[in-house]
Number of protein chains: 2
Amino acid sequence: MDYGRAKRINQLLTTVYGEVLRVEELALRQSQFKDISIKEVHAIAAISMYEHKTTSQVARELRITPGTLTTMVNHLVRKDYVQRLRSDDDRRFVRLGLTRRGRLIYRAHESFHRRMVESFARDMDDEQLQIIEKALLNLQAFLELADPTTPNK
Amino acid sequence: MDYGRAKRINQLLTTVYGEVLRVEELALRQSQFKDISIKEVHAIAAISMYEHKTTSQVARELRITPGTLTTMVNHLVRKDYVQRLRSDDDRRFVRLGLTRRGRLIYRAHESFHRRMVESFARDMDDEQLQIIEKALLNLQAFLELADPTTPNK
DNA sequence: GCTATTATTTTGATAATGGAACAATTTGAC
DNA sequence: GTCAAATTGTTCCATTATCAAAATAATAGC
């Protein structure tokens with residue numbers, strides 16, 4: 001693999017994601033949703049619209065502990081983005097849902113990502129997109145291998 | 001653009017980077033460098049081997065404030081990864097350099113990224129790599145546009 | 001009916017961070 | 001040459017995100 005190319009791709013991979021978060025955060029500050037951080041938006045995205053997942057499920061998806069999610073949900077309930085729905089079949093579980101305000105920001109965030117992927121894939125045909133998906137899957141496989149918590153299966 | 005494909009690429013883009021950080025962090029915990037976090041490693045990577053950049057320069061690269069970097073550097077000096085080199089031409093500047101221990105971890109981190117990019121680009125020819133670089137550049141351009149701090153130039 | 005298990009919350013500690021005030025140094029206007 | 005303004009880095013204070021462990025509440029198995 002060409003050395004300069006490798007350098008540039010590594011550089012892009014490492015900076016671009018931080019930029020995504022930074023731009024999302026800045027956009028929030030200038031929107032009607034000033035009272036919410038990008039991490040909270042990602043929690044809202046994980047809670048999602050229709051499924052009413054449990055606290056543990058969402059925490060696992062977000063890769064944070066249930067305790068951390070509890071405090072996050074406290075804030076999001078206070079700010080009227082999320083609601084707790086105790087499920088009646090097993091009252092240990094807390095099921096999470098979005099309020100109207102939560103759904104609003106959910107859709108705004110979804111739309112940002114749709115535009116982002118569209119621009120990412122601008123001018124590319126299906127074959128080229130397949131290559132990109134393959135590369136990302138390669139990366140995922142590499143990480144799986146490098147992950148010391150799931151080394152040999 | 002195929003809807004399922006867009007969905008999958010978005011999913012990969014949003015999860016994979018978090019995984020990179022998580023795996024890097026876990027690998028550190030199991031290495032000889034247990035006393036350092038992934039953010040500190042990235043500070044070391046920004047300080048880099050030979051240039052002796054100033055505090056503000058490095059802070060700008062890392063997108064953090066100089067105050068934050070000062071405390072980070074304090075920790076890294078105490079743990080013997082970084083050294084402060086006052087420059088004699090203008091004594092306001094603090095120039096940052098790596099200790100032997102810092103250079104060791106710098107190279108380990110560099111090697112991780114090299115292996116990562118290699119696996120990312122596995123089985124791809126130069127034309128395909130060019131497509132991937134193009135896609136990442138598209139994404140960068142999108143973010144530039146979406147960035148409310150540098151909107152019209 | 002107890003006991004063990006499961007889901008969530010609470011509590012206490014820590015790391016990362018920004019912003020504002022501050023100290024040291026240099027520059028530039030006069 | 002001197003002093004005010006600008007620049008660089010640091011300190012200090014507050015906030016947010018986070019985890020681990022203890023506590024609480026509910027259920028399941030026997």
Side-chain angles (χ1 to χ4, degrees), chain A residues 18 21-22 24-26 28-29 33-47 51-79 81-97 149, chain B residues 18 21-22 24-26 28-29 33-47 51-79 81-97 149:
Chain A
L21 293 186
R22 203 183 112 261
E24 285 188 328
E25 182 82 49
L26 286 168
L28 282 170
R29 289 297 142 270
F33 305 106
K34 295 194 209 311
D35 61 344
I36 197 172
S37 75
I38 185 58
K39 301 217 175 199
E40 290 176 319
V41 172
H42 286 151
I44 287 171
I47 289 168
E51 303 178 57
H52 296 318
K53 305 173 194 169
T54 70
T55 298
S56 296
Q57 256 179 310
V58 173
R60 233 181 346 262
E61 255 180 66
L62 292 170
R63 303 267 194 185
I64 58 180
T65 60
T68 301
L69 186 56
T70 291
T71 63
M72 246 173 151
V73 167
N74 286 344
H75 293 147
L76 289 170
V77 167
R78 203 176 315 136
K79 292 189 276 195
Y81 290 102
V82 167
Q83 48 191 168
R84 286 192 164 92
L85 310 160
R86 210 98 206 181
S87 67
D88 275 335
D89 48 322
D90 185 336
R91 290 170 37 68
R92 284 172 303 183
F93 291 92
V94 169
R95 302 197 166 268
L96 298 174
T149 61
Chain B
L21 294 185
R22 203 183 113 260
E24 285 189 327
E25 181 82 50
L26 286 168
L28 283 170
R29 289 296 141 270
F33 305 106
K34 294 194 209 312
D35 61 345
I36 198 172
S37 75
I38 184 59
K39 302 218 175 197
E40 290 176 318
V41 172
H42 286 152
I44 286 171
I47 289 169
E51 302 178 58
H52 297 318
K53 305 174 194 169
T54 70
T55 299
S56 294
Q57 258 180 308
V58 173
R60 233 181 346 262
E61 254 181 66
L62 291 170
R63 303 269 194 184
I64 59 180
T65 61
T68 300
L69 187 57
T70 291
T71 63
M72 244 171 153
V73 168
N74 287 343
H75 292 147
L76 290 171
V77 167
R78 202 175 315 137
K79 292 188 277 194
Y81 290 103
V82 168
Q83 46 192 169
R84 287 194 164 91
L85 312 160
R86 210 100 206 179
S87 66
D88 275 335
D89 49 321
D90 185 336
R91 290 168 38 67
R92 284 172 303 182
F93 291 92
V94 169
R95 301 198 167 270
L96 299 174
T149 62

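Predicted model, so just to flag it, every value in this text is computed and none were measured.
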(request) Map A:Asp89 and A:Glu40 onto DNA chain D by nearest heavy atom, then report which one ends up closer to the 5' terminus. (result)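 Result: A:Glu40.
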
Interatomic distance where [atom1] belongs to [X] and [atom2] belongs to [N] [whole Å]:
{"X": "A:Arg91", "N": "C:dT9", "atom1": "CZ", "atom2": "C1'", "answer": "15 Å"}
{"X": "B:Leu21", "N": "D:dT18", "atom1": "CG", "atom2": "C1'", "answer": "15 Å"}
{"X": "B:Met72", "N": "C:dG18", "atom1": "CE", "atom2": "P", "answer": "10 Å"}
{"X": "A:Lys39", "N": "C:dA16", "atom1": "NZ", "atom2": "P", "answer": "12 Å"}
{"X": "B:Leu62", "N": "C:dA16", "atom1": "CG", "atom2": "P", "answer": "13 Å"}
{"X": "B:Arg86", "N": "C:dT25", "atom1": "CZ", "atom2": "C1'", "answer": "9 Å"}
{"X": "A:Ile38", "N": "D:dA17", "atom1": "CD1", "atom2": "P", "answer": "11 Å"}
{"X": "A:Glu25", "N": "C:dT17", "atom1": "CD", "atom2": "P", "answer": "13 Å"}

From [options], nucleotide with atom closest to [X] side chain:
{"X": "B:Phe93", "options": "D:dA26, D:dT8, C:dT8", "result": "D:dT8"}
{"X": "B:Arg84", "options": "D:dT10, D:dC19, C:dG18", "result": "D:dT10"}
{"X": "A:Thr55", "options": "D:dA17, C:dT9, D:dT27", "result": "C:dT9"}
{"X": "A:Ser56", "options": "C:dT10, D:dG9, C:dA7", "result": "C:dA7"}
{"X": "B:Arg92", "options": "C:dA24, C:dT17, C:dT8", "result": "C:dA24"}
{"X": "B:Val94", "options": "C:dT8, D:dT10, D:dA20", "result": "D:dT10"}

Side-chain N or O of [X] versus OP1/OP2 of [N]: is the shortest distance under 4.0 Å?
{"X": "A:Ser37", "N": "D:dA17", "value": "yes"}
{"X": "A:Arg95", "N": "C:dA7", "value": "no"}
{"X": "B:Thr68", "N": "C:dG18", "value": "yes"}

Is it the case that the side chain of [X] and the backbone of [Y] share a donor-acceptor pair, with hydrogens and angles ignored and the cut-off at 3.5 Å?
{"X": "A:Arg95", "Y": "A:Arg84", "answer": "no"}
{"X": "A:Lys79", "Y": "A:Asp35", "answer": "yes"}
{"X": "A:Arg91", "Y": "A:Arg86", "answer": "no"}

(request) State the CG-OG1 distance between B:Leu69 and B:Thr54, to the nearest 0.5 angstrom. (result)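 B:Leu69 atom CG to B:Thr54 atom OG1 measures 9.5 Å (nearest 0.5 Å).
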
(request) For A:Lys39, check salt bridge (charged side-chain N to carboxylate O under 4.0 Å, His left out) against everything at least two apart and list the hits. (result)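 A:Lys39 satisfies salt bridge (charged side-chain N to carboxylate O under 4.0 Å, His left out) with no residue once adjacent residues are dropped.
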
(request) Identify whether any heavy atom of B:Thr71 sits under 4.0 Å from a base atom; if not, whether one sits that close to sugar-phosphate; answer base, sugar-phosphate or nothing. (result)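 Base contact.
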
(request) For A:Ile64, answer base if it contacts any base atom (sugar-phosphate contacts may also be present), sugar-phosphate if it contacts only those atoms, and nothing otherwise; contact means non-hydrogen atoms under 4.0 Å. (result)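 Counting heavy atoms under 4.0 Å across all strands, the contact made by A:Ile64 is with sugar-phosphate only.
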
